[in-house]
Amino acid sequence: MAGSASIPYHRIASFRRTVLGFYAQHGRKLPWRVTKDPYRITVSEIMLQQTQVERVIPKFEAWIALWPDWRTLSTASTRELLHAWSGLGYNRRALMLGKLAKAIMEKHHGKLPRQPEVLEELPGIGPYTSRAILIFAFNQDIATIDTNIRRVLLHQFDLPPTTTKEQLESLAQRLVPKGRSRDWHNGLMDYSRLALPRRLPRIPPVSKQGRFEGSARQVRGEVIRQLLKQKTVDIFWLAGRIKRDKAEVLKIAKSMAREGVVRLKGRTITLAE
DNA sequence: CTCCCGGTTT
DNA sequence: AAACCAGGAG
């Protein structure tokens with residue numbers, strides 16, 4: 001088992017120079033990189049979860065214009081949150097961001113906590129995001145690993161894909177150049193995206209292709225669009241329009257109800273406030 | 001572990 | 001049609 005201790009220091013130092021040099025020369029100028037405001041950093045990190053950079057940029061700018069800080073965001077309604085989020089996907093994130101703003105105003109005096117363990121208790125913030133926020137907002141000398149960073153570490157140190165999370169975390173922590181954590185992590189992201197060869201095509205997994213995969217997507221999108229225009233949507237109207245199995249439509253409505261997006265009342269669904 | 005979303009690329 | 005994407009919640 002190749003622990004990070006088996007990697008000689010000169011390779012660590014050399015890699016640091018490569019990444020920091022690459023970032024200085026080719027680093028992308030992004031809206032959340034010109035600020036250290038913990039609020040803006042947090043909004044960007046939530047938006048960037050499983051969502052490509054190019055698509056986040058305009059949504060981020062619009063969001064900040066609407067709600068420039070935790071206080072204003074904490075007053076936003078569900079409808080407003082979903083409207084501003086529309087197009088990003090994983091709508092649950094918008095609702096959790098709203099809850100996060102309320103939690104910070106009510107339980108943390110309007111200030112973001114600075115300990116990863118405390119941050120992780122807040123809605124929508126997991127192991128990656130808690131550390132990323134502290135790195136990009138406060139330049140803390142800690143490490144975080146997302147899919148880009150994982151990929152660049154495996155490539156650089158010729159590690160097998162079976163490398164455990166713990167082994168990667170140990171290596172990642174040793175790599176952080178003290179006092180330059182923010183540039184380092186930004187650099188790793190850009191280096192991974194811009195300087196590494198494309199991913200190899202993966203072995204096709206066992207196709208489990210649900211029969212309603214296509215229509216389920218349409219139904220979700222349609223429900224959100226309708227809810228933004230009006231207050232309620234009739235499930236059977238939807239079912240008839242989509243011409244798909246009624247049970248599948250109900251299943252989707254129930255799943256959205258679990259997320260708190262809609263309330264289920266008899267034959268209609270209503271936007272939750 | 002599964003599910004969550006949608007725009008985009010291949 | 002399938003993979004991809006600054007993960008997290010249940």
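To find a chain, count down the sequence lines: A is the first, B the second, and so on, and within it residues start at 1. The model shown is predicted, which means the values in this text are computed figures rather than measured ones.
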>> Need to verify one output field. Residue with the more 5' nearest nucleotide on DNA chain C, A:Phe136 or A:Gly124?
In response: A:Phe136

> A:Arg92 has a side chain; which of C:dA6, C:dA9, B:dG6 sits nearest to it?
Replying inline: C:dA9

> What integer distance in Å separates A:Arg55:CZ from C:dC4:P?
Replying inline: 16 Å

>> Taking the minimum atom-to-atom distance to the side chain of A:Met96, which one of C:dA6, B:dC5, C:dA9 wins?
In response: C:dA9

> Has A:Thr51 got a side-chain N or O lying under 4.0 Å from the OP1 or OP2 atom of B:dC5?
Replying inline: no

>> Say we look at B:dT2 and C:dA6: how far apart would their C1' atoms be, to the nearest angstrom?
In response: 22 Å

> Looking for any heavy atom pair under 4.0 Å, which part of the strands does A:Ile46 touch: base, sugar-phosphate only, or nothing?
Replying inline: nothing

>> At less than 4.0 Å, is any side-chain N or O atom of A:Asn148 found next to OP1 or OP2 of C:dA6? Yes or no.
In response: yes

>> Could you tell me how far apart A:Arg151 (CZ) and C:dA6 (P) are, to the nearest whole angstrom?
In response: 10 Å

> At under 4.0 Å between heavy atoms, what does A:Arg150 touch on the DNA or RNA strands: base, sugar-phosphate, or nothing?
Replying inline: nothing

> For A:Leu88 and C:dG7, what is the distance between atoms CG and P respectively, to the nearest whole Å?
Replying inline: 14 Å

> Using a distance-only test with no angle check, is there a side-chain donor-acceptor pair under 3.5 angstrom linking A:Ser192 and A:Arg150?
Replying inline: no

>> Base, sugar-phosphate or nothing for A:Trp85? Non-hydrogen atoms, less than 4.0 Å.
In response: nothing

> Under 6.0 Å between the ring centres of A:Trp184 and A:Tyr191?
Replying inline: no

> Rounded to the Å, how far apart are A:Gln50 CD and C:dG7 C1'?
Replying inline: 5 Å

>> Measure NZ/A:Lys59 against P/B:dG6 and give the value in whole Å, please.
In response: 12 Å

> C:dG7 C1' sits how many Å from A:Leu122 CG, rounded?
Replying inline: 16 Å

> Taking the same atom, P, in B:dG7 and in C:dG8, what whole-Å distance lies between them?
Replying inline: 23 Å

> On the ring face of A:Phe138, is A:Arg114 found with NZ or CZ under 6.0 Å from the centre and within 45° of the axis?
Replying inline: yes

> Think A:Gln49 has a side-chain N or O under 4.0 angstrom from the OP1 or OP2 of C:dG7?
Replying inline: no

>> Using only modelled atom types and a 3.5 angstrom limit, is any donor from either the side chain of A:Gln52 or the base of B:dG7 paired with an acceptor on the other?
In response: yes

>> Quick check on the 6.0 Å ring-centre criterion: do A:Phe136 and A:Trp32 meet it?
In response: no

> Which residue lies toward the 5' end of DNA chain C, A:Glu120 or A:Leu30, if each is placed at its nearest nucleotide?
Replying inline: A:Leu30

>> Could you tell me if A:Glu45 and A:Tyr128 have a donor-acceptor pair between their side chains, going purely by distance under 3.5 Å?
In response: yes

> To the side chain of A:Asn186, which of C:dG7, B:dG6, C:dA6 is closest?
Replying inline: C:dA6

> What is the distance from CG of A:Asp183 to P of C:dA6, rounded to the nearest Å?
Replying inline: 19 Å

>> Checking A:Thr129 against A:Gln49: is there a side-chain donor and acceptor pair closer than 3.5 Å?
In response: yes

> Rounded to the Å, how far apart are A:Asn91 CG and B:dC4 C1'?
Replying inline: 10 Å

